[in-house]
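Below you'll find the structure, written out as structure tokens, and then a few comments.
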Amino acid sequence: MRTPKPPRADDSTTAGTTGATDGDHDTDGTASRLAEPGGSSGKVQSLERAITLLEATADSAPDGETATNLASRCGLNRATAWRLLSTMEQYGLVERDPLTSRYTVGFAVARMASAAGFDGLIRRSHGVLRQVSEQTGETANLAVVQQLGLTYIDEVIPPVVLSAKWLGRQAPLHATSTGKALLAWLPAEEVDVLLAEPLTAYTDTTVADRGRLRAELAETRERGYSVCAGEMERNLYGVSAPVLGIRDRPFAVLSIWGPQDRVPESRFPALGALACGAAEEVARAARSL
């Protein structure tokens with residue numbers, strides 16, 4: 001556990017002179033009560049401000065942003081923003097570059113994120129998967145982005161369909177619509193790192209040539225969804241759409257797939273549009289976590 005540093009002398013001076021104005025200073029509880037009329041709803045204004053600052057700091061990646069600009073972006077006065085950022089820095093939630101005075105997200109955030117499970121995302125997205133499966137008659141699943149690829153965390157299979165289960169499995173990125181939906185929305189340098197190893201040709205339709213794959217990824221991004229025509233397993237066809245978060249970066253992928261006789265290429269446009277809409281629903285649900 002990281003032990004926070006004691007506040008500097010000028011911290012208390014600033015807080016004492018400005019806190020009653022912005023609601024952060026609270027000697028007898030009066031300022032806090034006046035500044036937080038929504039207290040009965042369980043919200044804490046200073047915590048909301050800190051979260052807003054942390055989100056704005058994440059949005060400024062990779063270069064980071066100064067306290068002044070972060071304050072302006074979040075609608076806070078500079079003294080309040082500086083005190084909140086200083087406190088978060090003490091706990092490792094943000095880091096400040098001493099040369100540029102720009103703030104970036106700290107390692108403590110990554111450490112906490114790595115300890116998080118996917119239960120909340122599954123609860124909020126399962127209904128979307130069920131609706132997609134019922135509407136199409138095919139399997140719908142959700143994979144999340146992890147350090148070296150994708151892992152399937154939830155799926156809905158029609159009761160009359162015998163299908164392989166993908167839960168907990170990782171997908172070869174170049175040979176599945178799931179993987180290609182991730183790659184198409186990543187920067188080129190990250191794609192190169194993820195595809196550093198030779199590309200395995202699982203079937204005669206697998207795109208194992210890097211030039212052809214790059215061209216397909218460009219088409220995928222333009223179209224809005226990816227496709228797979230028997231590239232991992234000969235009889236499995238499907239489409240996928242990215243679930244986009246901050247700066248349109250994918251954090252999950254929603255897929256619809258089934259056997260070739262039920263999911264021929266002629267169905268790809270309709271299924272692709274459905275996958276895109278469902279992925280947007282999952283993204284909205286994730287923002288409420």
Side-chain angles (χ1 to χ4, degrees), residues 51-65 69-70 72-75 93-94 102-106 109-110 112-114 116 118 120-122 124-125 128-129 132 140-154 170-171 173-174 176-195 207 210 213-228 238-256 268-269 271-289:
I51 292 170
T52 301
L53 271 174
L54 189 58
E55 290 178 336
T57 303
D59 286 345
S60 71
D63 297 328
E65 192 54 274
N69 289 341
L70 288 170
S72 176
R73 186 179 302 181
C74 297
L93 296 173
V94 298
R102 289 176 175 267
Y103 287 88
T104 55
V105 171
V109 174
M112 288 187 283
S114 67
F118 302 114
L121 180 60
I122 291 172
R124 286 166 170 78
S125 63
V128 177
L129 295 181
V132 168
N141 54 29
L142 186 71
V144 294
V145 178
Q146 296 191 302
Q147 187 173 7
L148 297 177
L150 289 159
T151 300
Y152 292 93
I153 63 167
D154 195 18
Q170 290 190 323
L173 299 182
H174 70 290
T176 58
S177 62
T178 310
K180 288 185 282 187
L182 168 64
L183 295 174
W185 271 264
L186 290 180
E189 58 272 17
E190 291 189 41
V191 173
D192 291 339
V193 171
L194 290 172
L195 300 180
V207 181
R210 294 180 187 277
L213 181 60
R214 289 192 187 93
E216 182 176 346
L217 295 179
E219 293 174 5
T220 294
R221 182 148 187 163
E222 180 70 22
R223 185 172 52 222
Y225 63 90
S226 59
V227 302
C228 178
V239 301
S240 299
V243 182
L244 302 177
I246 294 174
R247 292 176 175 265
D248 285 340
R249 185 179 178 87
F251 65 87
V253 176
L254 187 143
S255 303
I256 306 169
F268 283 178
L271 293 177
L274 184 60
C276 289
E280 290 177 2
E281 285 190 57
V282 172
R284 286 194 296 271
R287 285 195 289 270
S288 68
L289 286 173

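Residue L186 holds its CG atom at 9.0 Å from CZ of R221, rounded to the nearest 0.5 Å. Of the inter-residue distances, the one linking L142 atom CG with D154 atom CG reads 6.5 Å to the nearest 0.5 angstrom. Rounding to the nearest 0.5 Å places CG of L70 at 11.5 Å from OG1 of T52. The distance from the CG atom of L217 to the CG atom of L195 is 8.0 Å, given to the nearest 0.5 Å. Interatomic distance, CD1 of I153 versus CD1 of I122, reported as 4.5 Å (0.5 Å rounding). Between atom CG of residue L254 and atom CG of residue N141 there is a gap of 7.5 Å, rounded to the nearest 0.5 Å.
For W185 against Y225, the heavy-atom pair with the smallest separation is CH2-N, 4.2 Å. The minimum heavy-atom distance linking L244 with A283 is given by the pair O-CB, 3.7 Å. Of all heavy-atom pairs between E281 and V128, the closest is OE1-CG2, 3.8 Å. Closest non-hydrogen pair, K180 versus T220, comes out as O-CG2, 4.3 Å. Minimum heavy-atom separation, G64 to T104: CA-CG2, 3.7 Å. The nearest pair of heavy atoms linking L150 to G179 is CD1-CA, 3.7 Å.
Looking at residues two or more places apart in sequence or on another chain, you find a salt bridge (Lys or Arg N to Asp or Glu O under 4.0 Å) between E190 and R249. By the side chain to side chain donor-acceptor pair (under 3.5 Å) test, N69 is found to be paired with E65, T66, residues two or more places apart in sequence or in another chain being considered. Looking at residues two or more places apart in sequence or on another chain, you find no side chain to side chain donor-acceptor pair (under 3.5 Å) involving S226.
Using a 4.5 Å heavy-atom threshold, the side chains of S60 and R102 count as separate. Put simply, the side chain of V94 does not reach to within 4.5 Å of the side chain of L53, judged on heavy atoms.
Counting only distance, with no hydrogens or angles, the side chain of S240 and the backbone of S255 share no donor-acceptor pair below 3.5 Å.
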Under the salt bridge (Lys or Arg N to Asp or Glu O under 4.0 Å) criterion, do R210 and D192 qualify, and how do the steps go? CA-CA 10 Å; R210 294 180 187 277; D192 291 339; over 6 Å; no
side-chain contact (heavy atoms from CB on, under 4.5 Å) evaluation trace for V243 with F251: CA-CA 6 Å; V243 182; F251 65 87; 3.3 Å; yes
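For CD of E189, the number of neighbouring non-hydrogen atoms (other residues, nucleotides, ligands) closer than 6.0 Å is greater than 12.
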